[in-house]
Amino acid sequence: LTRTFDLANGPLFRVVLLRLAPDDACIVFQMHHIAADGWSVRILLRDFAQAYAARADGRPPNWTPLAMEYAEWARRQRDRVERGDGGCAA
């Protein structure tokens, strides 16, 4: 937890599980601010909490299907930029 981030070589996101006792632990998410903003961190923590609760209940997470995969969104954005449309709308 005391290591600095190497922007050239990464990683820019780390997860550490700290064992506090045989039956107690704490998970720490550590990321450089260049890798995530407040909006995306909220989504990450929400999804992690949902997955943890589901697995603790012995079931898989019930994810809502994405409206679009990231690769498709990125392709659309690239096409918009190439056409001169710009913007970030999906």
Side-chain angles (χ1 to χ4, degrees):
L1 295 174
T2 60
R3 291 181 300 162
T4 59
F5 289 100
D6 181 343
L7 295 178
N9 299 304
L12 300 179
F13 180 76
R14 302 179 189 125
V15 179
V16 178
L17 182 65
L18 303 173
R19 280 274 172 214
L20 305 175
D23 62 344
D24 193 16
C26 177
I27 191 163
V28 177
F29 295 94
Q30 184 181 35
M31 65 192 76
H32 192 279
H33 67 91
I34 201 169
D37 59 9
W39 182 74
S40 54
V41 169
R42 280 191 298 277
I43 293 170
L44 170 71
L45 294 177
R46 179 201 66 203
D47 288 355
F48 179 82
Q50 287 176 357
Y52 184 88
R55 294 297 180 184
D57 245 6
R59 58 183 171 76
N62 185 20
W63 303 120
T64 302
L66 296 174
M68 174 183 321
E69 293 291 326
Y70 178 75
E72 174 62 17
W73 181 86
R75 185 192 63 75
R76 289 183 184 194
Q77 293 304 308
R78 184 183 62 239
D79 291 348
R80 289 179 65 133
V81 169
E82 289 172 356
R83 285 192 315 266
D85 295 344
C88 292

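Keep in mind that the numbers below use all heavy atoms, side chains included, and drop hydrogens, waters and symmetry copies.
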Is it true that atom CD1 of Ile34 has more than 12 heavy atoms of other residues, nucleotides or ligands lying nearer than 6.0 Å?
no
Flag if over 12 foreign heavy atoms under 6.0 Å of CH2, Trp63
yes
Establish whether Met31 and Leu7 are linked, either directly or via other cluster members, by ILVMFWY side-chain heavy-atom contacts under 4.5 Å.
no
Can you measure from CZ (Arg55) to CD (Gln50) and round to the nearest 0.5 angstrom?
13.0 Å
Is Cys26 close to Arg19 at the side-chain level, that is, under 4.5 Å between some pair of heavy atoms?
no
Give the cluster check for Ile43 versus Val41: same hydrophobic cluster or not, with ILVMFWY residues linked at side-chain heavy-atom distances below 4.5 Å.
no
Would you check if Arg75 and Asp79 make a side-chain contact, meaning some heavy-atom pair closer than 4.5 Å?
yes
Write down the atom of Arg3, the atom of Gln30, and the distance for their closest heavy-atom approach.
O-NE2, 4.4 Å
State the OG1-NE2 distance between Thr4 and His32, to the nearest 0.5 angstrom.
9.0 Å
Common cluster, Leu45/Trp39, ILVMFWY with side-chain heavy-atom separation under 4.5 Å:
no
Atom of Phe13, atom of Phe5 and distance for their closest heavy-atom approach:
N-CE2, 4.3 Å
With the 4.5 Å side-chain cut-off for hydrophobic clustering, are Tyr52 and Val15 part of the same group?
yes
Verify same cluster id: Leu17, Leu20 (apolar side-chain graph, 4.5 Å):
no
Please check if atom CG in Asn62 has more than 12 non-hydrogen atoms from other residues, nucleotides or ligands closer than 6.0 Å.
no
Above 12 or not: heavy atoms from other molecules or residues under 6.0 Å from CD of Glu69?
no
